[in-house]
Amino acid sequence: MKVSTIIAGLLPLASLIVAAPGCNDVEKVASKKIDQLQKNYQKYIEATIKKRQTGCTSKNILRRKEWGKLSKKERTDYIEAIYCLNRKPGLTPRSEIPGARSRWDDFVGSHIQLTPVVHANGFFLAYHRFLIWEFERALREECGYKGTQPYWDWTLEYEDQTKSTVWDGSPSSLGSNGVYVANRSAISVRLPTETLVFPPATGGGCVQSGPFTADKFTINLGPIGYEPKGPEGGLGFNPRCLTRDFNPELSRTSLRPSNITALLDCPTYACFNRDLDKPNRKPGFGVHGAGHFQFGTVQLDTFISPSDPAFWVHHTQLDRIWTIWQNQDPAVRTYALWGTQTTGNFPPSANVTSDTPVPFGHISPPIPLKNLQSSIDGPHCYIYE
Ligand SMILES: *[C@@H]1O[C@H](CO)[C@@H](O)[C@H](O)[C@H]1NC(C)=O
Ligand SMILES: *[C@@H]1O[C@H](CO)[C@@H](O)[C@H](O)[C@H]1NC(C)=O
Ligand SMILES: *[C@@H]1O[C@H](CO)[C@@H](O)[C@H](O)[C@H]1NC(C)=O
Ligand SMILES: [Cu+2]
């Protein structure tokens, strides 16, 4: 087992390199390129759904927006719908996940049960695409939410996440950093193929301000991904505050516009999937891992990561990047296949095919992979604005 230690002292060096002169121009050019590719994708989708007249039309398509483009009212409506799911009784049997209580926990529970089979493999993007779709459906149909699932484009604030209206701790944000806790020890995250060590960063305690402080929101499951685990291996009832530990170095080095354009330039689906995760960690984390790890604590624990609203706006951003990549060459890329059926192919498993059922635990019966790959076919009908 390889041990990759992320030595805090190395990170400032990385930021020196990326802060070289001319660098902001590089990022501006990259941002423009993403905007242009997103416009091309939007045009393609609008033209396609008009022509085909399938169930997904320009009238009923859900239009997902970037957090910053939502009005304050739209933001607080979304937050109210999250409270609703977090308080509504769940469907997961206690015999399987004894600590699950709410509809929110049903989504966390699906992710807990399936973490060993839906990451860094052929199911990864499709599983998360449908998980978000079901989450958005539950917010709308079970909680009366009239909006759509927002995404957070972390490239907009990669130099300082706390500048974002998503994390400024105001009543219309998704909460702040955690309270700074001194003298914490590093967190060792054991993945099937390696162990990642995260030294403490800028917070570590309960979210300080905004809608997700301990008096308004609690999480019930885990920890599972690192020690000490919660009761019953992390599946037991463990109500506690939501914690965060913002790590600005990760965001500065790995969540820049140029990190997205590098992905969008991938010629194959294999390249796209591998670079999302950068399995050899050279030169750093891919945007999938970095987007989680920048929040520390709960977002270091893959199993329970959907416990934090941060998971949903981050994964919706990843899904957006995937749709833009697909629609640069929709005929070839929409139904492209890559990867096996176990996380990081550990233990080794068969390659996925178009017909391989993707599992969802208590969220949904399994669904053939090919039905989940398009954003406008199968169950899905949404567009990124
Ligand atoms: C943290 O550790 C330092 C050095 O070991 C010690 O001086 C300090 O009192 C500790 N602070 C807390 C809050 O435990
Ligand atoms: C992210 O982009 C920066 C600047 O282009 C680059 O230095 C860094 O290596 C990239 N990170 C990864 C993980 O590719
Ligand atoms: C799985 O796919 C890879 C290429 O994506 C290929 O090299 C490998 O032979 C395939 N494995 C099987 C068992 O078909
Ligand atoms: Cu996941």
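When a ligand or atom number is given, it counts from 1 through the structure's own listing order.
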Could you walk me through whether Glu159 and Arg256 pass the side-chain contact (heavy atoms from CB on, under 4.5 Å) check? CA-CA 8 Å; Glu159 302 203 66; Arg256 307 165 74 93; 5.8 Å; no
Run Trp104 and Phe135 through ring-ring contact (aromatic ring centres under 6.0 Å, His included) and show every step you take. CA-CA 9 Å; Trp104 186 262; Phe135 180 76; 5.6 Å; yes
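Between Trp312 and Tyr78, the distance from one ring center to the other does not fall under 6.0 angstrom.
Shown in contact with Ser258 at under 4.0 Å from a heavy atom are these atoms of ligand 2, numbered in order with element: 2 (O), 4 (C), 5 (O). Interface of Phe285 with ligand 2, defined as ligand atoms under 4.0 Å from a residue heavy atom, comprises 13 (C).
At least one N, O or S atom of His128, from either the backbone or the side chain, sits less than 2.8 Å from the Cu ion (ligand 4).
Ligand 2 has a nitrogen or oxygen under 3.5 angstrom from a nitrogen or oxygen of Asn259.
Salt-bridge formation is not detected for the pair Lys39/Asp35: no Lys NZ or Arg NE/NH1/NH2 atom is positioned less than 4.0 Å from an Asp or Glu carboxylate oxygen. Remark: Lys69 does not engage Glu385 in a salt bridge, criterion side-chain N to carboxylate O under 4.0 Å. Look at Glu227 and Lys229 and you find a salt bridge, because one of the NZ, NE, NH1 or NH2 atoms lies within 4.0 Å of a carboxylate O, short of that distance. A salt bridge links Arg63 with Glu46: the closest approach of a Lys/Arg side-chain nitrogen to an acidic carboxylate oxygen falls below 4.0 angstrom.
When only non-hydrogen protein atoms are considered, atom 9 (O) of ligand 3 lies nearest to Asn351 ND2, 4.8 Å.
Within a 4.0 Å radius of atom 14 (O) of ligand 3, the protein contributes one or more non-hydrogen atoms. The nearest protein heavy atom to atom 7 (O) of ligand 3 is not closer than 4.0 Å. Proximity of atom 3 (C) of ligand 3 to the protein is indicated by at least one non-hydrogen atom lying closer than 4.0 angstrom.
Taking a 4.0 Å cut-off on heavy atoms, Thr253 registers as neighbouring ligand 2.
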